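To start, the structure itself, in structure tokens.
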Amino acid sequence: AGEKDTRPRWFSVLTSGNHDNSRSAMKLNLRNSVFLGSRYESTAAASDSSEPPVQKYEYQAEVSRLMDLIVNSLYSNKEVFLRELISNASDALDKLRFLGVTEPQLLKDAVDLDIRIQTDKDNGIIMITDSGIGMTRQELESKDSGSDNNLIGQFGVGFYSAFLVADKVVVSTKSPKSDKQYVWEGEANASSYTVREETDPEKLIPRGTRLTLYLKRDEKGYAHPERIQKLVKNYSQFVSFPIYTWQEKGYTKEVEVDDDPAEAKKDGEDEKAEKKKKTKTVVERYWDWELTNETQPIWLRNPKEVTTEEYNEFYKKTFNESILYVPAVSPMGKDDVINPKTKNIRLYVKRVFISDDFDGELFPRYLSFVKGVVDSNDLPLNVSREILQESRIVRIMRKRLVRKAFDMILGISMSENREDYEKFWDNFGKHLKLGCIEDRENHKRIAPLLRFFSSQSEDDMISLDEYLENMKPEQKDIYYIAADSVTSARNTPFLERLLEKDFEVLFLVDPIDEIAIQNLKSYKEKNFVDISKEDLDLGDKNEEKEEEMKQEFGAACDWIKKRLGDKVAGVQISNRLSSSPCVLVSGKFGWSANMERLMKSQTVGDTSSLEFMRGRRVFEINPEHPIIKNLNVAQRSNPDDEDALRAIDLLYDTALISSGFTPENPAQLGGKIYEMIGLAFAGKWSSVPAAEVQQTFAQPFSPETLEAEVVEEAGGQKS
């Protein structure tokens with residue numbers, strides 16, 4: 001603008017000349033307009049009347065197949081075309097800046113290094129212009145490649161992603177090494193392309209490349225300025241060069257309005273009244289370039305210089321070198337432990353957004369609650385963005401990210417404020433337990449973070465390290481019991497001897513706890529032992545005493561086994577009981593009572609498979625208990641005594657419940673209890689003899705079939 005020209009002016013890559021506010025309502029039409037490139041007015045002389053010939057070239061067969069693969073198979077999301085084309089433009093600017101160090105003449109045009117995108121939504125056209133290195137005709141035709149290592153010229157695979165949304169693509173390019181500008185033109189599904197010299201002086205650009213995409217009919221929605229701006233912010237927010245988009249804007253101004261005649265007459269009657277011109281506020285619309293991206297990613301700055309407020313602001317922008325966050329609360333709810341398709345990690349390559357749709361390749365699914373941004377300079381900027389599963393670099397990144405995440409969680413657990421980790425565990429504890437099952441490689445990192453209730457800490461959860469500190473010198477293993485609640489675990493008969501010895505027992509009350517512990521197997525050379533399983537070793541074996549007990553109660557064990565039959569795999573003398581007469585333990589390699597209960601609750605329909613999976617059950621008796629001593633005497637004196645045999649049945653059913661199993665016939669168990677109560681009361685307060693009580697309960701209950709009579713009441717209702 002001249003020194004005396006004070007009107008605002010701006011330049012468009014889509015229309016020639018400059019604009020002022022009085023013409024801001026002008027409608028842009030790409031098909032009828034000329035292209036200046038960037039925002040520079042051309043000083044080139046008019047071209048000769050004779051047009052240079054248009055050269056036509058055939059694609060190599062490999063290129064045709066490649067284009068078909070790109071359009072139909074390679075990219076799962078069409079909107080990545082803009083990301084690819086912006087990345088190519090950024091590479092061209094990078095190359096120019098690099099070459100300009102040793103060849104300053106390449107930058108003689110003093111053109112700003114930037115990328116500009118303009119659209120025509122009415123005609124479905126997108127134009128992307130960069131002021132980068134550009135290409136000569138030889139480079140455009142790929143004549144300087146010399147071998148088959150460059151089958152598609154200087155464009156690269158990413159360029160052909162334009163055909164995901166476009167029927168035709170026109171590339172106009174000007175290299176600072178050449179005095180001429182050339183145009184490449186190709187169409188989707190075509191077997192050839194053309195190259196010609198640009199002779200229109202109004203379409204010449206100082207330097208760089210301009211891509212014009214003529215969108216397919218169904219893809220014209222991409223030509224909306226707002227959508228282009230959104231895609232740039234999503235995928236190319238941190239490209240190191242400014243990206244400008246052509247946006248409609250507005251500003252408010254006051255304009256005069258004509259007075260209403262009636263009001264003017266009224267004002268005229270009051271001669272002393274001061275007359276003022278009336279105005280109204282209007283919005284003036286105009287188009288201008290708007291900077292769309294940020295060029296200083298937070299992860300490239302010194303962490304010591306980034307404030308907490310800046311981290312929080314970045315988190316808000318990003319989730320509506322790497323940065324990882326642990327949220328304060330679970331965004332999905334406590335019951336939704338895992339989402340197979342996580343969007344918690346956003347992957348950038350050279351500050352270009354690649355994807356946030358991973359299925360465990362970049363971050364294990366059990367850590368899906370951790371949010372983060374990863375930027376890599378080692379991943380290629382082409383096909384590998386869509387095929388990351390086999391990348392060695394991604395595997396290395398995954399290990400480092402997991403290690404960093406665990407270090408961060410460990411830091412929370414070591415906080416002076418214990419409530420910090422309690423809050424974390426309440427929200428994300430199940431995720432870490434799931435990690436015990438899915439990630440064996442990181443057991444040593446997960447185990448110190450686990451928390452459980454215990455027999456010595458029923459109100460506050462403890463860590464495994466705290467458990468080890470509380471272990472007695474003679475204790476060899478870490479003991480646990482799985483139950484549906486702390487109350488059930490506290491009252492189980494399996495605890496009796498361990499409590500006497502002051503051995504702490506972990507209470508696994510979450511359904512996933514038992515499987516998680518079984519996958520861990522051990523912690524710091526201490527094995528996890530389920531106290532509800534057979535062969536429990538409390539470290540106080542007395543072989544001489546055990547032999548005496550076997551001789552004293554061996555026959556009673558065989559007698560009880562004969563009575564119970566296939567209900568149990570064996571009858572043994574227990575070393576875990578002190579106050580209970582008996583207990584039913586699971587086989588060493590079978591399901592525990594808690595696991596059997598959980599599996600039954602999840603079974604729908606046929607339950608026959610549970611019988612196959614259910615482990616063996618062993619009936620253990622307490623030789624110190626009066627009931628067992630009496631039964632031992634009964635076995636010796638009268639093994640066929642009905643009262644003694646019924647007592648064995650009742651002991652088994654009672655042990656079934658107290659050990660955490662579900663009785664197969666609750667009604668039958670109730671009948672046995674009622675019978676025992678009746679016998680105990682017989683003749684005590686009334687004259688009812690015991691024989692009558694036995695006869696009453698000896699008759700099986702067989703309810704008669706009753707037919708309901710349907711009667712009709714007043715009002716037509718039936719009952």
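All heavy atoms count here, side chains included; hydrogens, waters and symmetry mates do not. Small disclaimer: the values here were computed from a predicted structure and weren't measured.
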F363 six-ring centre to R398 NZ/CZ under 6.0 Å and within 45° of normal: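 Here R398 fails the 6.0 Å and 45° test against F363.
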
R83 NZ/CZ over F353 ring centroid, <6.0 Å and within 45° of normal: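 Cation-pi check for R83 and F353: fails.
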
T194 versus Q55, side-chain donor and acceptor atoms under 3.5 Å: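 No, T194 and Q55 have no side-chain donor paired with an acceptor closer than 3.5 Å.
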
Side-chain donor/acceptor of [X] to backbone N/O of [Y], under 3.5 Å:
X	Y	result
S192	E58	no
Y467	Y479	yes
S90	I86	no
N293	F241	yes
N344	F369	no
K444	P448	no
Q181	I205	yes

Within the 6.0 Å centroid threshold, strictly below: F81 and F163: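 Distance test on ring centres: not under 6.0 Å, no.
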
Aromatic ring proximity W184/F159, centre distance under 6.0 Å: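 Centroid distance W184-F159: below 6.0 Å, so yes.
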
N-O pairing of R97 and D94 below 4.0 Å: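 The answer is yes: the pair qualifies as a salt bridge.
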
Residue pair W246 / R116, side-chain heavy-atom distance below 4.5 Å: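 Heavy-atom side-chain distance check fails, nothing below 4.5 Å.
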
